[in-house]
Amino acid sequence: MVGLFFGWMLASPFAHAGDASSGADVFKSECSECHSPKQGKNKKGPSLFGIVGRPAGTAPDYNYSDALKQARWTWTTDKLHWYLSQQAKKANPGTKMKYDGLDDSKQLDDLVTYLDTLH
């Protein structure tokens, strides 16, 4: 019974619950050079405002790589965990994004929780 509970917790969206305030700090150190959390403010990369729930490659007024324009996914919290935990070029070959991935699971949870607040 205990094993089933822990298995459910690992599969549950709550297994990735992070701290949005700490995630804002991770965003500043990991993402802010290229991305803005503000709506409509693109930098080297697109604005991440409203990223959770948005189809890949669709932020307004940003010139995406063909690789991301052709990606057939929606940015969910699970997809962001997957994408940001590895090199961007491995996650989406042909992307313009230069990112080596975030291997600290707590920071990753915090970052994705923060990104989910940007709406």
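Remark: Phe49 engages no residue in a ring-ring contact (aromatic ring centres under 6.0 Å, His included) (not counting sequence neighbours). Not counting sequence neighbours, Lys28 has no partner by the salt bridge (Lys or Arg N to Asp or Glu O under 4.0 Å) test.
Side chain of Thr117 to backbone of Tyr114: a donor-acceptor contact under 3.5 angstrom is found. The closest donor-acceptor contact from the side chain of Asn42 to the backbone of Asp61 lies under 3.5 Å. At distances below 3.5 Å, at least one donor-acceptor pair connects side-chain atoms of Lys43 with backbone N or O atoms of Ser32.
By the 4.5 Å heavy-atom criterion applied to side chains, Leu48 and Phe27 are counted as neighbours. Taking the side chain as every heavy atom from C-beta outward, Tyr62 and Leu68 never approach each other to under 4.5 Å. Between Leu115 and Thr77, the closest side-chain pair of non-hydrogen atoms is not below 4.5 Å. The shortest distance between side-chain heavy atoms of Glu33 and Lys44 falls below 4.5 Å. Side-chain contact between Ile51 and Trp75 is present, with heavy atoms from C-beta onward closer than 4.5 Å. Looking at heavy atoms from C-beta onward, Thr76 lies out of side-chain contact with Val52 at the 4.5 angstrom threshold.
Note: Asp110 CG to Ser105 OG = 9.5 Å, rounded to the nearest 0.5 Å. If you take NZ on Lys69 and CG on Asn63, they are separated by 5.5 Å, rounding to the nearest 0.5 Å. Rounded to the nearest 0.5 Å, atoms NE2 (His81) and CG (Leu102) are 10.0 Å apart. Note: Leu111 CG to Asp116 CG = 11.0 Å, rounded to the nearest 0.5 Å. Note that OH of Tyr99 and CD of Glu30 are 3.5 Å apart. Values are rounded to the nearest 0.5 Å.
Residue Asn92 comes nearest to Ala71 through the heavy atom pair ND2-CB, 4.4 Å, listed as atom of the first residue, atom of the second, then distance. Arg54 approaches Thr58 most closely through the heavy-atom pair CG-OG1, 3.2 Å. Smallest separation of non-hydrogen atoms from Ala88 and Met97: CB-O, 3.6 Å. When all heavy atoms of Ser36 and Lys41 are compared, the pair lying nearest together is CB-O, 3.1 Å. For Ser47 against Pro37, the heavy-atom pair with the smallest separation is OG-C, 4.5 Å. The two residues Ser85 and Leu108 make their nearest non-hydrogen contact at CB-CD2, 3.8 Å.
Shown here is Lys90, whose NZ atom has no more than 12 heavy atoms of other residues, nucleotides or ligands within 6.0 Å.
In this structure, Lys79 is positioned above the aromatic face of Trp82, its NZ or CZ under 6.0 Å from the six-membered ring centre and within 45° of the axis.
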